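Structure record follows, encoded as structure tokens.
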Amino acid sequence: MQEDFLHYVWQHQYFDKIDLRTTDGQLITVLKPGYRNADAGPDFLNARLQLDEVEWNGAVEIHLKASAWHRHQHQTDPKYDQVVLHIIFEADQLVQRLDGSTVPALALAARIAPDLLQAYHDLLGQPAAVLPCATQLQAVPEITRTSMVERALLERVELKASVVAALHQRLNDDWEATAYHTLAAAFGFQKNSEPLARLAKALPLTIIRRHRHDLLQLEAMVFGQAGFLEENETAAKDEYITALHREFNFLRHKYSLHGTALAAHEWNFLRLRPANFPTVRLAQLAAILHARPALFDAMLTAADLPTLTKFFQVPTSAYWREHYRPGVAGKVPGLGKSSIHLLVANVVVPLRVAYARHTGQIELVESALALLSLLPAEHNHITDDYAGLGFQHRSSADSQGLLALHRAYCAPRRCLQCAVGSRIMQRNLAAR
């Protein structure tokens, strides 16, 4: 059993309330169970209860065992002083607030109907490679599944936007710098997003702005700070890399960049096609920084998908069209449409939503989400599995929603917080 089950039971009041009493004998009347808290602190807020003759307004905390209160150090956290009732399955310990007062507890083990427990086990007890409810999914109306995917999509986009908002705050409310850092991390395409995010910190936009007119200098700083200009036998024979190295040595001294560069071994090449090598992605990023002096404004105001596609389709320098790595020749394709679509989904959309929240322009959220509906569906083993189970999968909005559903609900088995799982629970209960 997971705590989510007790959350579900408390939220819907699915327990025997006859002669409802705390573990120390106080009579309980639930006037309002409160609402789920999505942030740090107690599980339910603004609950209204009556204990004997006294009415209480406050929070409700839920654990499987009462002793989890102390294990989680709630007795030292002032946020939990507002808890007026501790919902537990098993009363194994008395618990106290910060001031030492005892928190009243309600043990539910003997008050939950066996049918409800069985319906819960039927939902979560099924072994499934994709999602726990796979064998019962066909009984759920399509509108319920679709609305849940849409909800998961919005949660995923809001989560990405909150990361952008936090970055914006750290960068002193500079939207252009925020766009630069967000774009750099996204150019890592998962395998190299972490080193590219660190590269953006090691090469501030203030320096790039001074040299973005000169692609040679820009590439010198990008590849130098990335650690790819360290001398080796192959690169030493390459005139272009030698020129980059010479430029970088001058610029590194000018801007006191000594000791801030990454090392070449920190980048991932394993199991990547040459077109996805980090060196290729760095050249593409440098080309965009050179050709697009106003990143944020362009990504915010682009009216349609063709305009955004054109924004990202910038040819690299002649050298990087013919080399995958420093000194290693080979024909290199430009930034492909699938990569551009990922950049729209992971950079443009979160940036627009973060800006919309910051400025109160809620209509921008809808236009940002509409972009995802214009992008083709992304195919991977997760989205394909869900499509095979009957979920709609026609656009990137569907793909992003399915990925969010899987990662936030299905994989961690948060079934009772999912509209699909809740519908199945209600159906299983009705059938008993």
Side-chain angles (χ1 to χ4, degrees), residues 180 183-189 191-193 195-270 272-293 295 310-336 339-340 343:
Y180 163 60
L183 181 64
F187 250 93
F189 294 97
K191 284 275 189 175
N192 285 290
S193 58
L196 255 158
R198 287 195 288 121
L199 175 62
K201 292 180 181 178
L203 185 57
L205 184 62
T206 51
I207 297 176
I208 287 176
R209 280 172 169 154
R210 298 174 188 174
H211 298 274
R212 68 192 329 159
H213 63 282
D214 188 321
L215 185 54
L216 179 72
Q217 292 182 339
L218 194 55
E219 286 188 355
M221 289 189 291
V222 168
F223 283 94
Q225 285 295 85
F228 287 115
L229 297 183
E230 294 302 316
E231 293 185 7
N232 60 66
E233 289 187 13
T234 304
K237 301 174 184 176
D238 190 299
E239 291 183 8
Y240 188 76
I241 298 302
T242 300
L244 290 183
H245 196 277
R246 184 167 54 248
E247 286 288 338
F248 179 60
N249 280 339
F250 169 75
L251 294 168
R252 176 168 53 182
H253 177 73
K254 179 178 180 179
Y255 295 111
S256 302
L257 296 175
H258 294 279
T260 62
L262 282 72
H265 67 77
E266 296 180 70
W267 299 88
N268 298 309
F269 287 85
L270 188 65
L272 287 178
R273 292 182 295 110
N276 292 328
F277 279 179
T279 41
V280 172
R281 297 306 189 193
L282 288 173
Q284 293 166 346
L285 177 62
I288 290 175
L289 295 174
H290 170 64
R292 309 297 187 219
L295 295 174
K310 185 177 179 181
F311 170 82
F312 287 114
Q313 283 181 330
V314 179
T316 58
S317 63
Y319 181 87
W320 293 109
R321 292 197 291 272
E322 302 291 338
H323 292 80
Y324 287 106
R325 299 179 74 157
V328 181
K331 193 75 174 176
V332 183
L335 189 65
S339 296
I340 291 174
L343 291 173

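Please read these numbers as outputs of a predicted model, since none were measured by experiment.
- Between L196 and A184, the shortest heavy-atom contact is CB-O, 3.3 Å.
- For the atom pair E247 CD and M221 CE, the distance stands at 9.5 Å (nearest 0.5 Å).
- E219 and Y240 share a donor-acceptor pair across their side chains, judged by distance under 3.5 Å alone.
- Within a 6.0 Å sphere centred on NE2 of H253, other residues, nucleotides and ligands contribute 12 heavy atoms or fewer.
- Under the 6.0 Å cut-off for aromatic ring centres, Y255 and H211 qualify, their centroids lying closer than that.
- If you run ring pair (Phe, Tyr, Trp, His ring centres under 6.0 Å) between F277 and each of W320, F269, W267, only F269 comes through.
- For the residue pair R252 and T260, no side-chain donor N or O sits within less than 3.5 Å of a side-chain acceptor on the partner.
- When all heavy atoms of P315 and R321 are compared, the closest pair comes out as CB-NH1, 3.9 Å.
- Between the side chains of N249 and R246, no donor-acceptor pair is found at a separation under 3.5 Å.
- Distance check: R212 CZ to R292 CZ gives 11.5 Å after rounding to the nearest 0.5 Å.
- With a 6.0 Å cutoff to the six-membered ring centre and a 45° limit on the axis angle, R325 does not count as a cation-pi contact of F228.
- A donor atom on one side chain and an acceptor atom on the other are found under 3.5 Å apart for R281 and N276.
- Minimum interatomic distance between L216 and D214 (heavy atoms only, all atoms of both residues): N-OD1, 3.1 Å.
- Formation of a donor-acceptor pair under 3.5 Å by the T242 side chain with backbone atoms of D238 is found in this model.
- N192 places no side-chain N or O within donor-acceptor distance of the main-chain N or O of P278, the cut-off being under 3.5 Å.
- Not a single donor-acceptor pair under 3.5 Å links the side chain of T316 to the backbone N or O of A283.
- Atom CG of N268 and atom CZ of F189 lie 15.0 Å apart (nearest 0.5 Å).
- In terms of modelled atom types and a separation under 3.5 Å, the side chain of H245 and the main chain of I241 share no donor-acceptor contact.
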Query raised in the report: What's the verdict on side chain to side chain contact (heavy atoms under 4.5 Å, CB included) for L244 and Y319, showing C-alpha distance, side-chain angles and the deciding distance?
Result: CA-CA 11 Å; L244 290 183; Y319 181 87; over 6 Å; no
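- Across all their heavy atoms, L335 and F312 have their closest contact at CD2-O, 3.7 Å.
- L257 and L251 get closest at one heavy-atom pair: CD1-O, 4.4 Å.
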